[in-house]
Amino acid sequence: MTFVRPRTPDDLDACVEVLQNVYNKDGYPVQGTANAHAFLTTPSTEAAWVAETETEHAKTIIGHIAVNTADPSDPSAKLWRTQHPDDGDEAIAILKRLFVHPEYRGKGVAVELVRAAELWVEDMGRKLVLFALMKDEGAMRLYRRCGWVEFGRAEFCWGEEERMEAVCFVSPGV
């Protein structure tokens with residue numbers, strides 16, 4: 001049985017372990033996992049959830065998702081503001097840090113995590129935006145299956161001179 005619940009500080013070490021497995025398989029996040037705790041607990045995080053599976057002996061965290069404030073440096077927030085200048089910062093939030101342990105993919109875990117974030121933001125009358133790197137085709141398929149709409153392309157920059165094209169999406173119902 002799998003369920004989604006709000007993330008607690010006690011979950012962070014388990015989330016880091018899952019993230020390391022994801023990085024080893026997919027190269028996500030592109031910055032690596034040396035600062036994984038900081039990656040998961042940025043000051044702009046508004047809410048976060050974990051997916052947990054339960055066996056008769058233990059509960060195990062298998063996935064994670066977060067909602068962050070609309071940081072102007074985020075490619076999707078920046079593009080949304082350009083296209084919708086009348087929307088204030090409070091109109092959008094950013095979907096971030098979605099990952100599912102490779103052994104649990106294809107079982108609807110990512111969809112459950114996305115739905116938890118969507119419901120939380122919808123209750124506040126906001127929209128979610130996000131960007132997915134072009135290399136992350138599976139992530140883009142997931143968002144499209146969930147009804148997210150592509151609204152443009154942007155460049156994601158990290159490190160000193162690292163750049164990659166990203167596809168920007170907005171949550172359904174816009």
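What you see is a predicted model; the values in this text were computed from it and never measured. All values below come from the heavy atoms of this structure, side chains included, with hydrogens, waters and symmetry mates left out.
In this structure, the side chains of D87 and K127 come closer than 4.5 Å at one or more pairs of heavy atoms. Under the 4.5 Å side-chain criterion, counting only non-hydrogen atoms from C-beta, Q83 is in contact with F151. Contact check for E155 versus M164: no side-chain heavy atoms found under the 4.5 Å cut-off. V22 is listed as a side-chain neighbour of R105, based on a closest heavy-atom distance under 4.5 Å. Residues P29 and T33 are in side-chain contact: their nearest non-hydrogen atoms beyond the backbone lie under 4.5 Å apart.
F169 is connected to L113 through a chain of hydrophobic side-chain contacts under 4.5 Å among Ile, Leu, Val, Met, Phe, Trp and Tyr, so both are in one cluster. Both I62 and V111 are part of a single hydrophobic cluster, where members link through side-chain heavy atoms under 4.5 Å apart. Clustering ILVMFWY residues whenever any of their side-chain heavy atoms sit less than 4.5 angstrom apart, transitively, puts V100 in a cluster other than the one holding L40. Under a hydrophobic-cluster definition in which Ile, Leu, Val, Met, Phe, Trp and Tyr are linked whenever side-chain heavy atoms come within less than 4.5 Å, directly or via other members, V109 and F99 are assigned to different clusters. Two different hydrophobic clusters hold I65 and V18 under the rule that ILVMFWY side chains link at heavy-atom gaps under 4.5 Å.
Looking at residues two or more places apart in sequence or on another chain, you find no salt bridge (charged side-chain N to carboxylate O under 4.0 Å, His left out) involving D71. Taking the ring pair (Phe, Tyr, Trp, His ring centres under 6.0 Å) definition, one finds that Y23 meets it with nothing, sequence neighbours left out. Taking the salt bridge (charged side-chain N to carboxylate O under 4.0 Å, His left out) definition, one finds that E54 meets it with nothing, sequence neighbours left out. Qualifying salt bridge (charged side-chain N to carboxylate O under 4.0 Å, His left out) partners for E112, counting only residues two or more places apart in sequence or in other chains: none. Legend: residues meeting side chain to side chain contact (heavy atoms under 4.5 Å, CB included) with T42, ordered by chain and number and at least two apart, are S44, T45, N68, R97.
Closest non-hydrogen pair, F156 versus A166, comes out as CB-CB, 4.5 Å.
A distance of 10.5 Å separates NE2 in H37 from CG in L19, rounded to the nearest 0.5 Å. Atom SG of C15 and atom CZ of F39 lie 11.5 Å apart (nearest 0.5 Å). Here K59 contributes atom NZ and T2 contributes atom OG1; the two are 12.5 Å apart, rounded to the nearest 0.5 Å. Rounding to the nearest 0.5 Å places CZ of R7 at 9.5 Å from CD1 of I61.
No side-chain N or O of H64 forms a donor-acceptor pair with one of D11 less than 3.5 Å apart. E118 and S171 form no side-chain donor-acceptor contact under 3.5 Å, judged by distance and modelled atom types alone. If you check the side chains of Q20 and N24, you find a donor sitting under 3.5 Å from an acceptor.
Taking the six-membered ring where tryptophan is involved, the planes of W80 and H84 are essentially parallel, since the angle between them stays under 30° and well short of 60°.
Residues K96 and E46 are not paired through a salt bridge, judged by the lack of any N-O separation under 4.0 Å between the basic side chain and the carboxylate. Salt-bridge check for R153 with E165: passed, with a basic side-chain N closer than 4.0 Å to an acidic carboxylate O.
Panel note: side chain D74, backbone A70; no donor-acceptor pair is recorded below 3.5 Å. Using a distance-only test at 3.5 Å, with no hydrogens or angles considered, no donor-acceptor pair links the side chain of S76 to the main chain of C168.
In this structure, N35 places its CG atom where only 12 or fewer heavy-atom neighbours from other residues, nucleotides or ligands lie under 6.0 Å away.
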- Test R126 against E90 for salt bridge (Lys or Arg N to Asp or Glu O under 4.0 Å), laying out the working first. CA-CA 7 Å; R126 296 160 73 193; E90 68 283 347; over 6 Å; no
Report, one line per pair, each donor and acceptor closer than 3.5 Å where one atom sits in a side chain of residues 128-145; sequence neighbours left out.
residue	atom	partner	partner atom	Å
K135	NZ	D26	O	3.2
R144	NH2	E150	OE1	2.9

